[in-house]
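Since the structure comes first, as structure tokens, the remarks are kept for the end.
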Amino acid sequence: MALLMGKTIQKLRKAQGMTQEQVAATLGVSTAAVSKWETDSTYPDISLLSPLARLLKTNVDRLVNFKGNLSESEVARFEKDARSIFETGNSQEAMIFCQSLLREYPNDDGLKFRLASLYMFYLGASSDEELANQQLTAAIRLFEALRSSENLELRHASLHVLAGLYMMNDELDKAEQVIEELPNTDYDTRMMKTNILFRKKEFEESLKLSQMCIFHQVRDISLHLYNLVKIARNYKQYDKAKAILETGIELDKLLHMDRISGLNANYYLSKAEISAIQGDTQAALIELEQFIPALKKVFALNENLDDLLFDKLELKDPSVSPAFIAKGMADLIEHSEEFQSLLTDERFKTLLKTLRNLV
């Protein structure tokens, strides 16, 4: 990124009531040189930075617009800009933009985590396999760098992601090593905190934390159920896999998760895949028809103000555009091996069209 300091020099010079000629005479340079500094045509020689800063009653950091770590809002703004480029389909341009940010702020762990996550999320957006591999490699390097982060939350989140990436690359020993670096505890300290907050009569905070814990724990149960489904599918125990998925759907209904998050959309998609494998076209279509309204919940977070269990829960809205998610899911379903036998079915075509026009 360009080092823009001209306006800063001009502003500070005027604040001191000095002309360009006076600055030039004091520092032993030409007036034209000062003029070029202020228009960012050239920069002051490095040996002049300290004298110039003292002359303008400032410090070198301010003079060169130096900034350490970014604020949360600044990181979020950069992330939004990067997402916008990725969603145009120009992954190479997006990576160049991200790399320029990382060069500008090489020690900002929050920025590293956000950009590494973007690399992962938009892997499928590139039709260039070599470029996709570059994104994957860049993401792994950033997450690996965060293994030594002083921010425990970022470090642990990065370890979780790294384990998944190593598994994706069939580097199982590395994945196991990463998992061993994570703290292992059988007791959820958040449960104790909810009781502490209650005893302190901070009822609203205790309520919010309890609801968030319920959400996270049911989400984790879902992940374990999916693992059971994968194992059952591996053994071709398709009816068992569908029964497990149905258990997940019922659990979501019982604990109101189906009303607030859209996480249960994958249950219906998995059931549709299994039905298609079994040759039950009608059942597959029915499950896909239930998948679409479940997916819409992802785009309508925090509309649960009257819910019995989650009226105080605040979920982070997906920063990815709903249109991008819907199109990505439609493309995934259309090219899925399980659904190839449905491609000529008019009902299936209508479902894909509905999904692509979901928002």
Side-chain angles (χ1 to χ4, degrees), residues 86-89 91 120-129 132 136 164 167-168 219 221-253 257-301 318 320-359:
F86 270 118
E87 293 197 10
T88 65
S91 298
M120 290 306 306
F121 188 87
Y122 289 102
L123 267 180
S126 175
S127 56
D128 186 326
E129 185 176 348
L136 178 60
M167 289 175 66
M168 184 189 303
R219 179 202 60 189
I221 289 173
S222 296
L223 295 175
H224 289 298
L225 289 175
Y226 281 129
N227 196 48
L228 295 181
V229 169
K230 287 191 297 183
I231 294 170
R233 286 181 64 168
N234 183 66
Y235 288 128
K236 296 185 171 25
Q237 298 171 333
Y238 297 125
D239 289 339
K240 180 178 180 180
K242 288 167 74 173
I244 294 170
L245 289 167
E246 192 59 41
T247 298
I249 291 172
E250 292 303 316
L251 178 64
D252 273 7
K253 288 179 180 178
M257 290 287 282
D258 62 320
R259 307 179 189 180
I260 65 166
S261 71
L263 289 175
N264 65 332
N266 284 329
Y267 287 136
Y268 294 110
L269 182 57
S270 294
K271 286 184 69 179
E273 290 174 347
I274 295 170
S275 294
I277 290 172
Q278 292 179 306
D280 192 342
T281 302
Q282 292 306 307
L285 291 170
I286 289 171
E287 299 297 345
L288 285 173
E289 286 171 343
Q290 294 185 82
F291 164 76
I292 292 176
L295 182 65
K296 288 183 70 174
K297 291 289 185 180
V298 177
F299 313 141
L301 298 179
V320 184
S321 70
F324 186 86
I325 293 175
K327 181 181 181 301
M329 292 305 304
D331 291 342
L332 178 68
I333 291 171
E334 184 176 17
H335 296 101
S336 173
E337 182 180 347
E338 290 86 352
F339 298 126
Q340 290 307 295
S341 61
L342 300 179
L343 290 180
T344 58
D345 187 287
E346 291 302 321
R347 192 169 160 195
F348 183 72
K349 292 179 182 178
T350 300
L351 282 167
L352 289 178
K353 184 177 180 180
T354 301
L355 188 53
R356 290 194 168 99
N357 296 294
L358 197 56
V359 290

**Study point:** From CA spacing to verdict: side chain to side chain contact (heavy atoms under 4.5 Å, CB included), R347, Q282
**Key:** CA-CA 10 Å; R347 192 169 160 195; Q282 292 306 307; 2.7 Å; yes
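- K271 and Q290 are not linked by any side-chain donor-acceptor pair at a separation below 3.5 angstrom, with hydrogens and angles left out of the test.
- Looking at heavy atoms from C-beta onward, S91 lies in side-chain contact with F86 at the 4.5 angstrom threshold.
- Heavy atoms only, all atoms of each residue included: S222 and Y267 are closest at OG-OH, 2.9 Å.
- Looking at every heavy atom in both residues, V229 comes nearest to A241 through CG2-O, 3.8 Å.
- Around atom NZ of K353, no more than 12 heavy atoms belonging to other residues, nucleotides or ligands sit under 6.0 Å away.
- Side-chain atoms of Q340 come within 3.5 Å of backbone N or O of E334 as a donor-acceptor pair.
- Of all heavy-atom pairs between L123 and A132, the closest is CD2-O, 3.2 Å.
- Taken from CG in L352 to CG in D331, the straight-line distance is 9.0 Å, to the nearest 0.5 Å.
- No side-chain heavy atom of K349 sits less than 4.5 Å from a side-chain heavy atom of D345.
- Separation of the F291 and Y268 ring centroids does not fall under the 6.0 Å cut-off.
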**Study point:** Trace of the side chain to side chain contact (heavy atoms under 4.5 Å, CB included) decision for Y226 with S270
**Key:** CA-CA 9 Å; Y226 281 129; S270 294; 4.2 Å; yes
Check your understanding: Would I277 and K236 satisfy side chain to side chain contact (heavy atoms under 4.5 Å, CB included), going step by step from the backbone distance to the final call?
Key -> CA-CA 10 Å; I277 290 172; K236 296 185 171 25; over 6 Å; no
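- Between the side chain of N234 and the main chain of K230, no donor-acceptor pair closer than 3.5 Å is present.
- Shortest non-hydrogen contact noted between E289 and L351 is CG-CD2, 3.4 Å.
- Atoms CZ and CD1, from R356 and I333 in turn, are 9.0 Å apart once rounded to the nearest 0.5 Å.
- Residues T247 and E250 form no side-chain contact, since every pair of their non-hydrogen atoms from C-beta on lies 4.5 Å or further apart.
- In terms of heavy atoms, S336 sits closest to E273 at OG-OE2, 4.5 Å.
- Once rounded to the nearest 0.5 Å, the distance linking CD1 of I244 with CG of N227 reads 10.0 Å.
- A distance of 10.0 Å separates CG of L269 from CD of E287, quoted to the nearest 0.5 Å.
- Shown here for N264 and A294, the closest heavy-atom pair between the two residues is OD1-CB, 4.0 Å.
- The pair R233-E338 meets the salt-bridge criterion, since a charged nitrogen lies less than 4.0 angstrom from a carboxylate oxygen.
- Between the side chains of Y238 and S275, no donor-acceptor pair of N or O atoms lies under 3.5 Å.
- Taking CD from Q278 and CG from D239, the interatomic distance works out to 5.0 Å, rounded to the nearest 0.5 Å.
- You'll find the side chain of I274 reaches within 4.5 Å of the side chain of L245, heavy atoms only.
- In this structure, CZ on F348 lies 10.5 Å from OG1 on T281, to the nearest 0.5 angstrom.
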